[in-house]
Every structure is written in structure tokens, then in C-alpha cells.
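First the structure, in the form of C-alpha cells, and then the observations on it.
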Amino acid sequence: MKKNAIVVAFAMVFSTLLSAQSTRSLEGAVSIPITGVEKQVFISVGPGFGSHQNQVVSLTGFSGIGGGFELGFSKRSSNYLKVSLAGRANILAQKGGGSAQVFEALNDITWLKGLPYTGKNKYYVGGNLETSGTLRLSNELGNNTSTFLFVHTLAAMAKAERPMGDRNWVLGGEFSLGLLSWVKKSDGYAFSAPQRFLTEGKFNYDDDVTLKPYKYGGVKPVGVFHNLRTNISLIKHGHRVNWGGVYEWQVKAYDPYTHGQYVNGNHLVKFFFGFKFGMRKNRTK
Amino acid sequence: MKYTIYSLLFALFFFSSCEKAFIESGPDGTKPLEVFDEFSNIYLDKYAMFDFKQVDWIALREAKRKMVTDNTSKEELFEILGDMVLTLRDGHTSLKDLSRDSTKTYDILKGAPENYNIEILVNHLNRIKSTEIIPFMKGTAAYVQIEDNIGYVSISTFNEELPETEIVDMLTNLKDTKGLIIDVRGNTGGDPAAASRLARHLTKTEIKTGFERFKTGPFDFSDSPATNKPAEDGLIYTKPIIILTNGLCYSATTTFIYQTNPIPNVTFIGSRTGGGSGSVANGYLSNGWVYALSVSEFIDNDGLHLDDGFDPDIEVWLDEEVTDTDEVLQRAIDELN
């Protein structure tokens with residue numbers, strides 16, 4: 001219930017952007033630094049904090065430190081396009097002594113349409129497609145040493161930007177709400193087969209029940225599989241280079257059966273660096 | 001409108017702290033009674049063989065819980081939970097305290113002799129081999145042709161990769177023998193898929209071997225039928241096969257046994273196996289102890305539960321006073337002649 005309440009609140013905040021349109025004129029407004037087309041190749045990297053729960057291996061969650069990076073390309077005009085690859089790693093522990101390492105690889109394609117709003121703030125709405133693989137390792141756990149989670153998520157997304165002062169700093173925020181996900185989780189009690197294979201009487205070592213990532217997954221809507229992401233950035237836009245700081249949070253949560261809850265969360269604070277190319281500026285004041 | 005964006009940014013920070021809402025709280029591992037309840041509920045939920053092992057877990061739990069108080073030390077609690085584990089008489093079920101390097105697990109030999117001596121076996125093979133011994137499975141297995149045109153294969157573990165190509169090489173080299181001895185004595189298991197992969201090359205037809213009964217809830221079970229289908233490459237050994245067993249044959253070796261037992265040209269010689277038919281799940285208790293337990297058991301076509309062991313067709317025991325003859329191997333050779 002709590003999880004669904006958060007998702008609903010997330011959606012309500014998202015929907016406020018749809019009412020962010022204004023017909024206020026440009027007169028007296030301070031423009032954002034870039035009003036032309038901006039393309040950049042970027043990298044962001046930094047430390048973070050992770051939390052993880054997999055009730056198949058423990059009723060108690062894990063938490064600890066780690067880090068992550070993102071490499072990608074973005075193009076901003078009246079709309080926004082981003083393609084990126086990201087990686088995260090965390091070393092986690094339980095209070096009682098259990099341990100886990102969690103590694104995540106992600107590929108993201110984002111496309112957002114700029115809302116027809118004139119003034120200081122710039123808003124975008126659209127969606128993103130994220131593909132990710134998450135591996136949890138706990139070397140002491142024999143057959144349950146590893147859990148794989150493969151996910152493709154189609155999400156609704158919104159982005160907002162506001163210039164700060166007159167030195168080309170831009171404060172930005174994004175949030176993404178996964179609507180539909182294709183999910184393959186590799187452990188039932190201890191197997192690469194999904195739990196339903198054990199429950200429905202379909203498991204047989206003589207059949208090809210393996211870790212193959214695209215076998216035996218299923219489509220799960222929001223409410224069953226949760227994928228939420230937020231991003232807050234403060235970036236200085238230069239002539240050739242953009243740089244600044246990013247705070248990023250993401251949580252994936254899946255509850256497929258009793259005592260099968262899976263949650264993986266990451267908080268990252270990253271330094272951002274972008275190399276611009278092919279930019280056309282159109283400044284007004 | 002600037003307040004809109006600041007409000008949205010505030011909302012983003014707020015949502016970032018909502019991660020805990022997704023994580024279900026569990027015990028913190030510091031209170032002995034909480035750890036006891038966590039342990040006993042996990043076993044009630046997942047352990048598959050209370051009926052077969054004739055253990056009333058709920059009654060046992062009630063009796064043992066009275067021994068646990070807030071003042072029970074970690075060592076005392078470990079002994080109490082360990083006693084409960086040993087009650088199950090299941091070599092797949094164990095409890096480990098990694099901080100003290102302590103383990104509670106059942107002895108699968110149950111005090112019986114091993115009925116297997118590698119030195120005696122090697123002495124015997126060296127007398128009777130007619131080709132060189134060829135290793136495979138990264139040296140954990142080997143095969144050789146012995147006297148009277150018999151093939152001999154020793155597989156000491158299924159916990160090593162067994163590629164299809166190595167099975168094909170081995171059976172191709174032994175295809176002209178008049179019979180095959182597969183020695184799995186001392187093989188305590190490993191990957192059941194590897195065991196099944198080998199078993200596929202020993203049957204001409206698809207055979208039903210029984211079913212694996214999975215625990216899917218505290219009082220719920222689900223049965224998955226098991227079959228042995230012939231290998232797709234068509235390389236099947238169809239001549240007489242003798243499989244040698246002893247009390248250390250366990251886990252994936254039991255998988256190999258139940259996949260081959262229904263094959264008409266297969267005979268078992270040696271002593272009763274350790275069993276271990278179930279699939280194993282592992283996890284952490286909230287205090288960091290590691291548990292393992294059987295989440296399923298195998299029941300064959302005749303309704304035989306294999307977790308406590310499998311009796312061979314011909315029982316033979318090793319005489320360790322005779323150091324150049326392995327009586328179990330010799331009986332297999334005699335049966336094939």
C-alpha cells in the first residue's frame with residue numbers, strides 16, 4: 001500500500017508539469033543560457049550509497065557504499081534526446097554480518113518534448129526506455145550466491161530547468177516513473193527458473209531451464225514492478241564545456257510472491273562533464 | 001512560476017527518501033527469540049520433507065523455543081538451532097556461524113564405512129588397464145579401457161563443468177566395448193544439470209523417472225515430473241552399464257541415479273547411497289548465520305523417496321586388507337563377463 005501511495009504521489013507531481021504552460025510574454029524575462037541546439041557528449045561519475053533487499057536470501061536488507069558513472073550523448077533543441085550507458089557497483093552488508101555486492105549495468109534512451117512555455121523555466125515531458133541487468137553476489141550462499149534481474153522498462157518522464165543568476169548556471173530536475181516492464185528474475189528458491197515453474201510443476205533438470213536472460217520473463221505493470229528515478233543537477237553551461245554536479249536516485253522494487261520481495265536502490269552524487277559540439281546560440285536579454 | 005520548479009525539486013528530494021517504504025523491515029539479528037522465530041519460520045515455509053523425515057516441526061519448535069530467552073548467548077542459540085537442523089537427518093541442511101567457523105550438518109555416511117579406497121582402486125586399475133587413462137572434467141574424471149574389452153569411467157564430482165563435447169569424446173572412445181562401468185563412488189554431487197546431461201547418453205527412449213516435489217508454502221507443494229530424454233546428437237551407449245555406488249553418493253549423483261535407474265540395461269553395484277535428492281536453497285539469518293535447506297525431494301516411479309538413500313541391485317563391500325583388488329569393481333567386471 002505504501003509503495004503504491006508513493007507511485008501515485010509521483011504521478012501527481014508529474015502531472016503538475018502538464019499544467020505548467022503559460023502565455024506570459026518574453027518581455028522582461030531572462031533567457032536560459034542555451035536557446036539554440038546544443039549537442040554534447042558527457043560523462044558523470046561519483047560515489048554513492050546503495051540498499052538492497054532480496055527476501056529469497058534474507059528477510060533483512062543490506063546497505064552500503066559504492067559508486068557509479070554514466071556516459072552518453074544528449075541533444076537539446078526545443079526537445080530533448082539522450083542516449084546513455086551507465087554502471088553502478090555497491091558493497092553492502094547487513095547489521096548482523098551478511099554481505100552482498102551488487103552490480104548494475106543500464107542503457108537508457110530518453111526523448112522529451114519541450115512544453116510551449118515562455119519565461120525563465122523550461123519544461124519537457126516524454127518517456128524513456130531503460131534496459132538494465134543487476135547482479136547480486138553473496139559468496140557464502142552456495143546455490144543462492146547470485147541473483148540476476150533483467151529488466152526493460154518503458155517510463156513516463158519529465159524534466160525541468162531554470163537558469164540561476166547570470167553566470168550560465170542551470171538548476172535542473174528530472175523524474176521518471178516506470179509504467180510497463182519486462183522482467184526476468186533468476187531465482188525461485190534457488191534456481192535460474194522463475195518461481196512459477198516450481199509452483200506450476202514445470203521444473204525439470206532435463207529441460208533447458210537456464211540463466212538465459214530472455215527466457216521465461218514476463219511483462220509487469222507499475223504496481224507490480226516499480227522503477228522510479230529522480231535527478232537533480234546544477235550545471236554551468238560554458239562555450240565548449242558544461243560541468244557541474246548531479247544527484248541521482250533510482251529504486252527498482254518487485255514483489256512476485258510471498259517472501260519474494262526484491263528492492264534495489266541507489267543514491268549517487270556525481271561530477272558531470274560535457275563536451276559540446278555543433279552548437280548554434282541565440283541569446284537575448 | 002519559480003515556485004513551481006522549487007516545489008518540484010523539493011518533491012524530488014522527498015521521493016529520494018522514500019526508498020525505505022519499499023523495503024520490508026525484518027529482524028535486526030540482536031534478539032535471540034527473534035532469530036529463533038526467523039529460523040523456525042523459514043524452515044516451516046521452505047523445508048520440503050518434514051513428513052518423509054517424520055519430524056513434527058511445530059512441536060519441535062515449541063519445545064525448543066522454551067529454551068531461548070533474551071539472555072541466551074550466541075553459542076547457546078547456535079547449539080539449539082543446530083540440534084533442530086540435525087533432527088532432520090538431511091545432509092543438504094546445515095547452519096553455519098561464519099564468525100566462529102562453526103557448522104552444524106548431518107553426516108551422510110551415518111557412521112557406515114565409506115566402501116571406497118582410491119589407492120586400492122588405482123592399484124587394481126593399473127593391473128587390468130589395456131589403454132592409457134584419459135582425464136576429463138578438468139581432471140576430476142577419467143576413463144580407460146580395461147581387460148575383457150570393458151570401459152571404465154570414474155566421475156568423482158559433478159561440481160565441475162561437463163561439456164557435451166567431453167561426453168561425446170569419452171563415449172566415442174569407448175563405443176566398441178562390450179560393457180561400461182561408471183564409478184560414482186565418493187561423488188558427493190554438484191550440478192544436477194551435468195548429471196542429467198550424462199544420463200541422456202545412456203537411454204534410447206524418453207523415460208519418466210519420477211517427480212520432484214517442491215515446497216511452495218508452509219503447507220503447499222507442487223510436483224514437477226522428471227524425464228530422461230535421449231541425447232539429441234544420437235550418441236547413446238546401449239550395451240550393459242554398471243554403476244558403482246557408496247554412501248558418499250549424494251545430491252547430483254542421486255539425480256544421476258534416478259535418471260538412469262529406469263533404464264533396462266543399467267545395474268547398480270556397491271552399497272547404499274547417502275541420498276540427498278532435494279534441491280537446496282541458502283540464505284542469511286538476520287544475525288549473519290548462513291542456513292541451507294532442502295526445498296524439494298525426489299520420488300521415483302515406484303513411489304520411493306530417495307533422500308535417505310538408494311539401495312544398489314547387488315550389495316558388495318570392499319575388503320581394505322586386500323590392497324590390489326577393489327571387490328566392488330571386480331564384481332562389476334564379473335557381471336559383465
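First the proteins, then the strands, lettered A, B, ... as listed; each starts at 1.
Within a 6.0 Å radius of CG in B/Asp101, other residues, nucleotides and ligands contribute 12 heavy atoms or fewer. Sparse packing is recorded around NZ of B/Lys96, with 12 or fewer heavy atoms of other residues, nucleotides or ligands lying under 6.0 Å away. The number of heavy-atom neighbours closer than 6.0 Å to CD1 of B/Ile236, taken from other residues, nucleotides and ligands shown, is above 12. Within 6.0 Å of atom CD1 in A/Ile65, 12 or fewer heavy atoms from other residues, nucleotides or ligands are found, so the atom counts as exposed in its surroundings.
The main-chain N or O of B/Ala281 is never found under 3.5 Å from a side-chain atom of A/Asn144 such that the two would form a donor-acceptor pair. At least one donor-acceptor pair closer than 3.5 Å links the side chain of A/Asn143 to the backbone N or O of B/Val280.
Between A/Gly201 and B/Ser222 the shortest heavy-atom distance is N-OG, 3.2 Å.
Heavy-atom pairs under 4.5 Å with chain A peak, among B/Pro192, B/Ala193, B/Ala226, at B/Pro192. Between chain B and the options A/Gly97, A/Ser51, A/Ala93, heavy-atom pairs under 4.5 Å are most frequent for A/Ser51.
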Side chain to side chain contact (heavy atoms under 4.5 Å, CB included) between B/Phe22 and A/Leu228, intermediate numbers included: CA-CA 11 Å; B/Phe22 291 93; A/Leu228 306 179; 3.7 Å; yes
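Contacts between A/Ser99 and chain B at a heavy-atom distance below 4.5 Å involve backbone atoms as well as side-chain atoms. Proximity to chain A (any heavy atom under 4.5 Å) is restricted, for B/Tyr291, to the side chain, taken from C-beta onward. Of the atoms belonging to A/Glu248, not a single heavy atom falls under 4.5 Å from chain B. Looking at B/Ala292, there are no atoms closer than 4.5 Å to chain A (heavy atoms on both sides), in backbone or side chain. With a threshold of 4.5 angstrom between heavy atoms, B/Leu98 approaches chain A through side-chain atoms but not through N, CA, C or O. For chain B, the nearby part of A/Gln94 is the side chain; its heavy atoms alone come within less than 4.5 Å. Heavy atoms closer than 4.5 Å to chain B are found in the backbone of A/Asn266, but not in its side chain.
A/Ser138 contributes atom OG, which lies 10.5 Å from atom CG of B/Asn282 (distance to the nearest 0.5 angstrom). A distance of 11.0 Å separates CZ of A/Phe62 from CD1 of B/Ile23, quoted to the nearest 0.5 Å.
Under 3.5 Å, the side chains of B/Glu24 and A/Gln55 contain a donor-acceptor pair of N or O atoms.
Between B/Tyr284 and the choices A/Leu141, A/Leu59, A/Thr60, the side chain to side chain contact (heavy atoms under 4.5 Å, CB included) rule is met once, by A/Leu141.
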